[in-house]
Number of protein chains: 2
Amino acid sequence: MLDSDNTCNTDCPPRDVLDLIGSKWVIMILCCLKSGPLRTGELMRAATGISQKMLTQTLRDLEYNGFVERISHPEVPPRVEYRLTGLGHSLSELTLVMQQWAVANYPAILAQRSRAVGQN
Amino acid sequence: MLDSDNTCNTDCPPRDVLDLIGSKWVIMILCCLKSGPLRTGELMRAATGISQKMLTQTLRDLEYNGFVERISHPEVPPRVEYRLTGLGHSLSELTLVMQQWAVANYPAILAQRSRAVGQN
DNA sequence: CTGAATCCAAGAAGATACTG
DNA sequence: CAGTATCTTCTTGGATTCAG
């Protein structure tokens with residue numbers, strides 16, 4: 001039962017998950033990894049505009065929460081791959097639902113926005 | 001078609017929507033309004049912990065994007081009600097999906113987290 | 001009652017330089 | 001190649017005060 005008497009506490013699973021996928025690069029990373037594992041450098045190129053700091057930071061976060069698996073090959077030079085876990089795939093499907101909702105309703109949102117600015 | 005070549009640009013509808021529902025109080029407000037219109041004061045009490053500034057700020061944002069309708073009754077003292085639009089109800093259903101995913105997968109996430117800290 | 005304005009602290013994110 | 005560390009900037013959110 002979610003939200004018994006119409007109050008959604010601040011510290012609830014939904015908030016926790018939202019803070020995750022709400023962070024700027026998470027969706028993009030999930031997106032990039034959906035079709036298969038990638039190396040760090042490949043991710044850097046695939047996720048256009050991300051800095052190295054944000055990339056590793058986001059990956060650590062995803063790893064910590066069990067959405068991404070880090071595979072380090074003991075070679076020289078170092079080779080590291082990241083791949084979605086089962087939970088990660090599940091999450092990426094959830095974000096897909098959101099994306100679909102977003103593209104479906106975006107025209108309505110934009111229309112309302114221009115209506116709103118017109119009134120001022 | 002979302003995301004043709006595996007890149008999800010920063011300025012895309014999904015990001016835009018995420019920035020909206022990712023903001024701290026949006027879900028809670030949607031939640032509170034789901035069962036019917038509420039006045040400002042009622043919202044203040046329903047959304048436990050919110051400040052007045054964040055309440056009006058969040059409402060303006062929701063209004064601007066067409067999720068909430070502001071109904072001002074020309075009375076003294078002033079009486080204002082907020083109610084979900086059709087788009088708002090649609091969005092609240094989307095957040096419900098997220099909430100369900102969150103509660104369903106939260107145990108797995110927590111388990112992974114404790115496993116992660118154990119390794120360090 | 002409703003809500004706008006201001007000031008302030010904390011966190012997120014970017015740029016850059018450096019290590020194994 | 002992969003990752004860390006530091007410094008700076010910008011945004012969020014909270015506390016308080018004031019106005020219609």
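Computed over heavy atoms, backbone and side chain alike; hydrogens, waters and symmetry mates excluded. Lettering follows sequence order; numbering is per chain, from 1.
Using a cutoff of 4.0 Å between basic side-chain nitrogens and carboxylate oxygens, Arg45(A) and Glu42(A) are not scored as salt-bridged.
Note on Ser72(B): every side-chain N or O is 4.0 Å or more away from OP1 and OP2 of dT2(C). Taking side-chain N and O atoms only, Arg39(B) has a distance below 4.0 Å to OP1 or OP2 of dT2(C). At dT2(C), none of the side-chain N or O atoms of Tyr82(B) fall inside 4.0 Å of OP1 or OP2 (strictly under the cut-off).
Between Asp19(A) atom CG and dG13(D) atom C1' the separation is 13 Å, expressed in whole Å. Atom NZ of Lys53(A) is separated from atom P of dT16(C) by 13 Å (rounded to the nearest Å). To the nearest angstrom, P of dA12(C) lies 17 Å from CG of Leu55(A). Atom C1' of nucleotide dA5(C) and atom CE of Met54(B) are separated by 15 Å, given to the nearest angstrom. In this entry the distance linking CZ of Arg60(B) with P of dT2(C) reads 12 Å, nearest Å. Here dG3(C) presents its P atom at 14 Å from CG of Leu62(B), a figure rounded to the nearest Å. Protein atom CD of Glu75(A) is 21 Å distant from nucleotide atom P of dG20(C), rounded to whole Å. Straight-line distance from the CG atom of Leu59(A) to the C1' atom of dC1(D): 14 Å, rounded to whole Å.
Comparing Gln52(A) and Ser23(A), the nucleotide of DNA chain C nearest to each residue sits closer to the 5' end for Ser23(A). Each of Gln57(A) and Arg79(B) has a nearest nucleotide on DNA chain C; the 5'-most of these lies closest to Arg79(B).
Taking each heavy atom of Gln99(B) and Ile27(B) in turn, the nearest pair found is NE2-CG2, 3.5 Å.
Applying the 3.5 Å distance criterion, the base of dG13(D) shares no donor-acceptor pair with the side chain of Lys24(B).
Side chains of Arg60(B) and Gln57(B): no donor on one and acceptor on the other come within 3.5 Å.
Here the side chain of Thr56(A) pairs a donor or acceptor atom with the backbone of Gln52(A) at under 3.5 angstrom.
Under a hydrophobic-cluster definition in which Ile, Leu, Val, Met, Phe, Trp and Tyr are linked whenever side-chain heavy atoms come within less than 4.5 Å, directly or via other members, Val80(B) and Ile71(B) are assigned to different clusters.
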